[in-house]
Amino acid sequence: MNKKILVTGGAGYIGSHTVAQLCEDGYDVVILDNLSTSCEESVVRLRKITGKEIPLYKVDIRDTDNVRKVLREEKIEAIIHFAAYSLVGESMTNPLKYYENNLYGTKQLLEAMTEEKVDKIVFSSTAATYGEPKSIPILETDETNPTNTYGETKLSMEKMFKWTANAHGLRYVSLRYFNACGAHESGLIGEAHNPETHLIPIILQAAAGVRESISVYGTDYPTRDGTCVRDYIHVYDLAKAHVAAVKYLIDGGKSDIFNLGTEIGSTVKEVIDAAKKITGKAIKVVYGERRAGDPAVLTASNKKAREVLGWKPEKTMEDIISSAWKWHSNNPHGYKK
Ligand code: UFG
């Protein structure tokens, strides 16, 4: 029998790419999404990409009764949990919105899981759980000291899994992503935040003429060219890691936490230069002040994920930019017509 996986937030950016990969690897997939920060069009396109039905339940994770109903009726084997708010800036101006959805929502989901005896969950976490790193590359055993509400809620969610797993015998894998980017090779699904705050989409919007310029936040960091270094990881590699983590749990793996990054750091200037080369477009760059809360360097150690999950990132910065460019040039306004 095929294993059926429920993906919460499956209409969103990383969720939709993971759904595509699960389908490709032969899993049956059900999406549960309240579409508050995503839209149905991504699911319509997923059906086109995969040739599969992919049921979409427009249900909020806080609605335990309906979540229970879906778990029961669809006979769900495991959950991949993406549904959450994820804007760092917004989490600082409206922290309770993040506690309500990310923490209370996860608590409700766990309640439904324990009631319906679904005992495996893969969780979308973040490098923001670490805060300002004391050493680079960051290891899973490093201190966690988030510097924003978003990271704090994700860390608290990890802890909620830990204690619930202890009490109720469920198993979880938490995946801490570094900088997610890139798009599906079809050009049909990709990154579409509103408002957009992430570096690569903003650079490509400037290349496409949708935005006038890109502002570089700070040129006086202690890095090779003065701009921040980040570990950019292709959403395809993230999707593969989620599928590997589900398989690991189904095969009896124990609860654990893994970094997902490439171990390669790129500066903001290097990403802009790569985008100029790949798009062949002029990109207007404005050099500005530092953005509050940005650490100089964030790169992952991915040794543990390679060793335990048998996963390794395959895509390069070139793959990231060219796939994202295909998506942005085909869909300059995201999923909006
Ligand atoms: N940057 C600019 N100009 C912009 C946007 C970003 O110079 O217009 C710079 C930032 O200062 C940073 C880098 O580009 O140095 C990447 O910035 P992003 O906003 O794209 O990503 P962050 O590194 O700030 O955030 C990412 C994820 C968060 C996560 C965080 C920590 O998007 O969800 O990593 O892991 F919390």
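Just so you know, ligand 1 is whichever comes first in the structure, and atom 1 is the first atom listed for that ligand.
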(request) Give the intermediate values and the outcome of side-chain contact (heavy atoms from CB on, under 4.5 Å) for residues Ile61 and His81. (result) CA-CA 10 Å; Ile61 50 169; His81 179 34; 3.8 Å; yes
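- Ion pairing between Glu111 and Lys107 holds under the 4.0 Å rule for side-chain N and carboxylate O.
- Pairs of residues two or more places apart, or lying in two chains, that qualify as salt bridge (charged side-chain N to carboxylate O under 4.0 Å, His left out) and include a residue from residues 117-129 are Glu77-Lys120.
- Of all the atoms in ligand 1, the ones that sit under 4.0 Å from a non-hydrogen atom of Ala127 are 35 (O).
- Within a 6.0 Å radius of NZ in Lys69, other residues, nucleotides and ligands contribute 12 heavy atoms or fewer.
- Here the two rings, on Tyr236 and Trp311, have centers that are 6.0 Å apart or farther.
- Among protein heavy atoms, the minimum distance from atom 15 (O) of ligand 1 is reached at Cys228 CB, 3.0 Å.
- Inclusion of Val88 in the set of residues having an N or O under 3.5 Å from an N or O of ligand 1 is not warranted.
- Ring centroids of Phe82 and His17 are separated by 6.0 Å or more, keeping the two rings apart.
- The closest donor-acceptor contact from the side chain of Tyr172 to the backbone of Leu249 lies at 3.5 Å or more, if one exists at all.
- Between atom 2 (C) of ligand 1 and the options Tyr150, Tyr177, Tyr217, Tyr130, the minimum heavy-atom separation is to Tyr217.
- Proximity to Val268 (heavy-atom distance under 4.0 Å) selects the following atoms of ligand 1: 7 (O), 9 (C), 14 (O), 15 (O).
- Listed by first and then second residue, the salt bridge (charged side-chain N to carboxylate O under 4.0 Å, His left out) pairs that reach into residues 187-208 come to none, sequence neighbours excluded.
- Counting only heavy atoms from C-beta outward, the side chains of Ile250 and Lys247 never approach each other to under 4.5 Å.
- If you check each of Arg230, His198, Arg291, Glu196 against atom 24 (O) of ligand 1, the one with the closest non-hydrogen atom is Arg291.
- Residue Asp294 places at least one N or O, backbone or side chain, under 3.5 Å from an N or O of ligand 1.
- Within the structure, the closest approach of Ser215 to ligand 1 falls below 4.0 Å when heavy atoms are considered.
- In this structure, Tyr232 has a heavy atom closer than 4.0 Å to ligand 1.
- When each atom of ligand 1 is checked for a heavy atom of Ile214 under 4.0 Å away, the hits are 3 (N), 4 (C), 8 (O).
- Closest to atom 21 (O) of ligand 1, if we only count protein heavy atoms, is Asn179 ND2, 3.1 Å.
- Atom 30 (C) of ligand 1 lies below 4.0 Å from none of the non-hydrogen atoms of the protein.
- Side-chain contact between Glu314 and Asp237 is present, with at least one heavy-atom pair separated by less than 4.5 Å.
- Geometrically, ligand 1 and Ser86 share no nitrogen or oxygen pair separated by less than 3.5 Å.
- Proximity to Val216 (heavy-atom distance under 4.0 Å) selects the following atoms of ligand 1: 7 (O).
- Per-residue contacts place Ile202 under 4.0 angstrom from the following atoms of ligand 1 (heavy atoms of the residue considered): 8 (O).
- At a heavy-atom distance under 4.0 Å, only backbone atoms of Thr197 (N, CA, C or O) approach ligand 1.
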